[in-house]
Novice: 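The structure is given below, and queries will be raised subsequently.
Residue numbers start from 1 in every chain, and the chains themselves are labelled A, B, ... in the order their sequence lines are given, proteins ahead of strands.
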2 protein chains.
Amino acid sequence: MESSPNIARIGALLGDNTRAKMLSALMHGKALTATELANEAGVTAQTATTHLAKLADGGLLILQKQGRHKYFALASEEVAQLLESLMGLSASAEPLRVHTGPRDPHMRAARVCYNHLAGDKGIQLYDSLLAQRYLRLVDGAPQLSKKGREFVVGFGVDLDALQRSRSPLCKPCLDWSARRSHLAGSLGRALYTRFEVLRWVSRDGGRTVTFSRKGEREFNQIFPLPAGSAR
Amino acid sequence: MESSPNIARIGALLGDNTRAKMLSALMHGKALTATELANEAGVTAQTATTHLAKLADGGLLILQKQGRHKYFALASEEVAQLLESLMGLSASAEPLRVHTGPRDPHMRAARVCYNHLAGDKGIQLYDSLLAQRYLRLVDGAPQLSKKGREFVVGFGVDLDALQRSRSPLCKPCLDWSARRSHLAGSLGRALYTRFEVLRWVSRDGGRTVTFSRKGEREFNQIFPLPAGSAR
DNA sequence: TCCATACTTCGATCGTAGCCGAAGCATACA
DNA sequence: TGTATGCTTCGGCTACGATCGAAGTATGGA
């Protein structure tokens with residue numbers, strides 16, 4: 001009878017508040033242990049176990065045992081992207097109160113999305129890479145140009161290592177705050193990591209990213225906004 | 001405490017089987033009445049009413065009263081896209097049995113996604129439009145070129161009417177069967193409608209689209225696959 | 001060997017949400 | 001004005017799943 005994939009199965013997984021908190025927590029990109037996730041969601045370890053089992057069963061999380069710890073992470077970028085677009089819909093459909101939270105503006109300015117930079121700064125990065133022809137769009141997918149290769153290597157990214165891995169180097173990722181793309185994929189991750197190493201940015205534990213004064217200045221210098229871009 | 005948008009609220013909406021069926025039914029792109037949706041989901045009218053109210057409240061559906069009928073449709077392309085990506089995740093995470101249904105291959109070949117063409121044929125259309133320079137990618141978004149304008153008008157699309165409407169002309173939409181983009185937006189809709197008018201394609205009531213012999217031939221002639229494209 | 005820590009399993013409780021029958025509005029048409 | 005049709009509201013039934021206490025199993029370190 002039903003020939004289309006079962007939406008409800010995954011929907012139900014996302015529909016529980018506790019599980020949603022866990023997934024949100026994992027949007028940082030780091031893997032977390034069962035207990036950490038239990039705390040994050042505000043439930044006991046037993047409850048967390050059942051939820052995490054369901055999420056892993058459902059293909060949303062992958063897990064890795066390490067000694068007596070069990071680390072959970074989002075199963076793929078697709079999952080992360082799905083969560084982002086859910087947030088997007090949720091944000092646009094929700095009454096305004098949520099938008100007025102004090103931390104919200106900072107979230108919109110810069111945040112971490114599955115280990116790469118998102119928010120206004122993420123968009124700036126993406127637009128600037130395109131404008132400087134470090135990235136080129138081929139069939140809608142961003143690709144690193146020869147000029148871009150030289151740049152990222154010069155910026156301190158171990159490009160060879162990235163290319164050895166199987167995961168795609170560049171991927172676009174849709175933002176929920178602005179409705180624009182920013183750079184995901186292993187290069188997106190590597191660049192963000194580099195920003196942290198350079199101490200341009202720091203995290204406050206949540207998804208919010210704060211630029212240091214020096215970081216902000218150098219970031220804007222190396223990744224200027226293209227002339228014609230709005231706001 | 002929580003400053004990120006509430007995923008669970010929307011997740012819960014998607015998590016019920018009855019509601020999922022209704023939403024899937026609306027992926028055709030047409031607006032349906034409450035009773036039609038009730039039948040589609042296999043529940044009574046009362047039950048349907050409550051579900052539809054929730055979906056509309058949650059911002060996933062919009063409704064329009066027309067006499068004693070009440071028509072429901074997906075609220076936006078974002079919603080349709082979210083559903084598509086849910087199906088994608090679901091399909092990849094699910095045990096294989098679902099992939100083996102008899103109608104499934106046809107669904108992959110050509111189907112309707114929110115009133116535009118999706119599946120292999122949808123991708124062929126998109127790639128061909130790009131290859132023939134009717135479409136151009138600007139910042140990842142497809143745009144109609146001057147050559148493209150002439151073509152679609154010649155093909156029988158009332159371009160002026162489309163441009164008067166506020167909704168975007170061209171949008172990419174990600175496929176769940178192949179993981180590629182195809183053409184959405186009002187132009188995508190208009191082209192598909194034109195295919196129906198020309199009797200190139202017909203629907204079997206579901207999302208599956210069948211090409212007539214003549215339709216297939218002419219479609220392939222006007223929208224040939226670019227030389228280098230795989231399979 | 002023993003203990004602490006991390007996670008799992010079991011069983012019981014409880015709340016919520018889906019469902020439908022029945023009755024109630026509203027609209028269309030004769 | 002009456003009658004059929006489409007949708008809604010109400011009330012009660014039911015089932016499922018989230019939760020946690022208590023007890024059980026692994027793992028690491030003293």
Novice: What is the distance, to the nearest angstrom, from the CG atom on B:Leu52 to the P atom on C:dA17?
Specialist: 17 Å

Novice: How many whole angstroms separate atom NZ of A:Lys70 from atom C1' of C:dT9?
Specialist: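 Distance, rounded to whole Å: 12 Å.
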
Novice: Could you point out which residue of B:Val209, B:Val112, B:Thr210 forms a side chain to side chain contact (heavy atoms under 4.5 Å, CB included) with B:Val201?
Specialist: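 So the option named by the test is B:Val209.
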
Novice: Whole Å only: how far is the CG atom of A:Asn17 from the C1' atom of D:dG17?
Specialist: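 Atom-to-atom, A:Asn17 to D:dG17, this comes out as 14 Å.
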
Novice: Please report the distance, rounded to the nearest Å, between CG in A:Leu14 and P in D:dG17.
Specialist: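 Nearest whole value for this atom pair: 15 Å.
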
Novice: Is B:Lys121 positioned over the aromatic face of B:Phe211, cation under 6.0 angstrom from the ring centre and no more than 45 degrees off axis?
Specialist: yes

Novice: Ring-plane angle category for B:Phe195 and B:Phe155, please: parallel below 30°, perpendicular beyond 60°, tilted otherwise.
Specialist: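 Ring orientation of B:Phe195 relative to B:Phe155: perpendicular.
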
Novice: Between A:Arg194 and A:Glu218 (salt bridge meaning N to carboxylate O under 4.0 Å), is one present in this structure?
Specialist: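 A:Glu218 and A:Arg194: not salt-bridged.
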
Novice: Taking atom C1' of C:dT8 as reference, at what distance in whole Å does atom CG of A:Leu63 sit?
Specialist: 14 Å

Novice: Check the distance between C:dA17's P and B:Leu55's CG and give it to me in whole angstrom.
Specialist: 14 Å

Novice: Measure up the B:Phe223 and B:Phe219 rings against each other and bin them: parallel (under 30°), tilted (30 to 60°), perpendicular (over 60°).
Specialist: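 Rings of B:Phe223 and B:Phe219: tilted, 30 to 60°.
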
Novice: Grab the NE2-C1' distance between B:His69 and C:dA28 for me, whole Å please.
Specialist: 9 Å

Novice: Give the B/S/- string for nucleotides 19-29 of chain D, one per nucleotide from 5' to 3', where a protein heavy atom under 4.0 Å of the base yields B, of only the sugar-phosphate yields S, and otherwise -.
Specialist: SBBB----BS-

Novice: With a 4.0 Å cutoff (strictly under), does any side-chain N or O of A:Lys54 reach OP1 or OP2 of D:dA18?
Specialist: yes

Novice: Grab the two heavy atoms, one from A:Met22 and one from A:Ala41, that are nearest each other, plus how far apart they are.
Specialist: CG-CB, 4.0 Å

Novice: Starting at CG of A:Leu13 and ending at C1' of D:dC16, how long is that distance when rounded to a whole Å?
Specialist: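 Distance check: A:Leu13 CG to D:dC16 C1' gives 15 Å.
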
